[in-house]
Amino acid sequence: MAYEPVWAIGAPAPAGDDHIRAVGGALRAHLAGDPALDAQVIYGGSAGPGLLPRIADGVDGMFLGRFAHDPAAFGRILDEAHELAGASR
């Protein structure tokens with residue numbers, strides 16, 4: 001399941017970390033209530049470098065918009081995701 005508040009679409013900054021974690025947690029809980037679903041929650045909305053480590057406890061990943069077009073930013077985001085994946089093993 002992908003989540004992005006409508007007011008964050010095209011905004012220069014994502015929703016606040018607490019907001020993302022709260023909504024991500026609520027979505028996870030809702031999805032976990034149906035054993036037929038095997039879903040994860042991903043966040044988008046000005047999702048750039050530095051965001052994933054701050055919200056990883058509330059979501060399972062991010063989808064990228066404009067930051068995916070910037071090779072340096074994309075590389076930093078991949079490095080962050082790789083580091084988080086290693087920490088969870």
Side-chain angles (χ1 to χ4, degrees):
M1 160 144 332
Y3 168 70
E4 176 181 17
V6 69
W7 47 265
I9 297 171
D17 298 354
D18 290 340
H19 175 83
I20 296 168
R21 285 194 304 273
V23 173
L27 289 170
R28 279 179 169 170
H30 179 75
L31 294 169
D34 186 342
L37 294 175
D38 182 19
Q40 295 182 329
V41 175
I42 59 174
Y43 177 77
S46 301
L51 181 61
L52 185 59
R54 298 192 321 262
I55 64 169
D57 60 337
V59 299
D60 300 298
M62 296 190 314
F63 63 90
L64 305 176
R66 63 182 172 264
F67 289 103
H69 300 279
D70 177 345
F74 187 69
R76 289 193 306 275
I77 294 165
L78 288 177
D79 289 343
E80 292 167 358
H82 183 261
E83 186 174 316
L84 285 169
S88 66
R89 291 183 193 176

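M62 and L78 fall within the same hydrophobic cluster, where Ile, Leu, Val, Met, Phe, Trp and Tyr residues are linked whenever their side-chain heavy atoms come under 4.5 Å apart, directly or through other members. Under the 4.5 Å side-chain heavy-atom criterion for Ile, Leu, Val, Met, Phe, Trp and Tyr, M1 and I42 are members of distinct hydrophobic clusters. One hydrophobic cluster holds both L37 and V23 under the rule that ILVMFWY side chains link at heavy-atom gaps under 4.5 Å.
Nearest heavy-atom pair across L64 and A47 is CD2-O, 3.2 Å. Closest approach of A15 and Y43 over heavy atoms only: N-OH, 3.3 Å. The two residues R28 and A56 make their nearest non-hydrogen contact at NH2-O, 4.0 Å. Smallest separation of non-hydrogen atoms from P14 and I20: CB-CD1, 4.5 Å.
Listed for the E80 side chain is no donor-acceptor partner under 3.5 Å among the backbone atoms of P49.
Open room surrounds CG on D38; 12 or fewer heavy atoms of other groups in view lie less than 6.0 Å from it.
Contact check on R21 versus D18 returns a salt bridge, with a Lys/Arg side-chain nitrogen under 4.0 Å from an Asp/Glu carboxylate oxygen.
Here the straight-line distance linking atom CG of L84 with atom CG of D57 works out to 10.0 Å at 0.5 Å rounding. Here L52 contributes atom CG and E83 contributes atom CD; the two are 10.5 Å apart, rounded to the nearest 0.5 Å. Between the CD1 atom of I55 and the CG atom of D60 there is a distance of 10.0 Å, given to the nearest 0.5 Å. In this structure, CZ on F74 lies 13.0 Å from CZ on F67, to the nearest 0.5 angstrom.
Counting only residues at least two apart or in different chains, side-chain hydrogen bond (donor to acceptor under 3.5 Å, both in side chains) contacts with residues 1-10 comprise Y3-H19.
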